[in-house]
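Structure first, commentary second.
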Amino acid sequence: MKTEVLRVDPQRPEPELVARAVTLLERGDLVVLPTETVYGLAALGDDAVAASRIFEAKGRPAYNPLIVHVAEARDARALAASWPAAADALATLWPGPLTLVVPREPSRIPDVVAGNGPTVAFRVPAHPVTLAILKALGRPLAAPSANRFQALSPTTAAHARKTLDGRVALILDAGPCAHGIESTVVDCSSEPPSLLRPGALPLGALRERAPTLTTRSIHAIDDREPLPSPGMLARHYAPRTRLVVVRPDAVHDALRELGPRAALVTRIPRHREAPRGATLVARLPDDAPGYGASLYATLHHLDEAGLDAIVVEAVPEDDAWLAVRDRLGRAGS
Ligand code: TXA
Ligand code: MG
């Protein structure tokens, strides 16, 4: 399959580009779309045949459910089997980097989209391009991150093209994603609501609207336990190059051990001079949103440099850094 790549205005998408994407999606094709978190690999979310093509293109196992993207909260509500109180409270944060898991109505969302499970995940993305497409289409779009299974998520169209060229009909290039880290996933299908995946939307905003929210399941990540969310497989979001996360005081030892061809990922203004043994030094912003926004692009870049190892200096332990710590933990396992 020949993959078309088209540049689109991220703020005011050209109507003919929106129409092109809608035509392809309506006939069951795959289209890579920009969102405010990462690029998504989209297909009709109410069509089993179209949605099953996502699993084929990603090489993703069928038990791993997809996120269904809709234009407005009331569309999600109309597609769900029921709409729990927690979902009602949290949906006020839409459009945004938040995914809500609710009971599934099988006549509206096919089995393949939900990994055959009793629930389905919904999100209203805050990106003008994808919102315009959802509105014009008038149907839901299933879209996981636009990368092959277990690889790094794409924060640019070029990242998506690296692994999906020839497997999708169209890639819409709207430039780099604002958050650069996936949405926060909350299970609202049982009480109390529980955090399944920390992400771009911080915990504070969730707790304000859902005070009973529990974070138990993300602190008990253990491959021997049944997985509350299949995407929580320990190895995920990983570069091919060996990646280790080390405490700041262990950076020099790690570089000595893993070098001579190793990269160091640190935060500004630390390590202004490259420590001995670091072939490359990437300095990321010292605030969690800024660090998160550049993390995957940095790892994509370092992964292409053919190094022996990527040494990442550990980030702070507070809640603001929860999503970044989670992704670093998985990239390193
Ligand atoms: O930011 C994002 O969420 C991006 C953009 C494209 O929207 N999408 C994304 O999709 O990261 P994906 O498929 O890579 O991750 C979906 C996450 C996985 O952790 C998956 O297990 C979880 O959502 N999930 C989906 N449906 C679920 C369900 N019914 N129950 C529990 N977890 C679910
Ligand atoms: Mg993914």
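All of these numbers come straight from a predicted model, not from anything done at the bench. Just follow the structure's listing: the first ligand is 1, and inside any ligand the first atom is 1. Along the sequence shown, the residues carry numbers beginning at 1.
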Flag for D187-S194: side-chain donor and acceptor within less than 3.5 Å:
no
Where does the angle between the aromatic ring planes of H300 and H159 fall among parallel (under 30°), tilted (30 to 60°) and perpendicular (over 60°)?
parallel
Near L196, which atoms of ligand 1 are under 4.0 Å from a heavy atom of that residue?
31 (C), 32 (N)
S153-E182 side chain donor-acceptor pair, cut-off 3.5 Å
yes
Ring centres of F122 and W94 under 6.0 Å apart?
no
Is S153 close enough that one of its N/O/S atoms sits under 2.8 Å from the Mg ion (ligand 2)?
no
Report yes or no: do S189 and R104 form a side-chain donor-acceptor pair below 3.5 Å?
no
Side chain, backbone, both or neither: which applies to T37 and ligand 1 if a contact is any heavy-atom pair less than 4.0 Å apart?
side chain
Below 4.0 Å from any atom of ligand 1, is there a heavy atom belonging to R104?
no
Output the list of atoms in ligand 1 that are nearer than 4.0 Å to some heavy atom of S145, sorted by atom number.
8 (N), 9 (C), 10 (O), 12 (P), 14 (O)
For ligand 1, which part of R60 has a heavy atom less than 4.0 Å away: the side chain, the backbone, both, or neither?
side chain
Donor-acceptor side-chain pairing of S183 and R197 below 3.5 angstrom:
yes
What do we get for E182 next to ligand 1 when only non-hydrogen atoms under 4.0 Å count, side chain, backbone, both or neither?
both
N/O of Y39 under 3.5 Å from N/O of ligand 1, yes or no?
no
Can you tell if the side chain of E4 reaches within under 4.5 Å of the side chain of L6, non-hydrogen atoms only?
yes
For A121, the ligand 1 atoms whose distance to one of its heavy atoms is below 4.0 Å:
25 (C), 26 (N), 27 (C)
Is H69 in polar range of ligand 1, meaning some N or O pair under 3.5 Å apart?
yes
Numbering as shown, the atoms of ligand 1 that approach N64 to under 4.0 Å (heavy-atom distance):
21 (O)
Quick check: do I54 and R60 have side-chain heavy atoms less than 4.5 Å from each other?
no
Any N/O pair R123/ligand 1 closer than 3.5 Å
yes
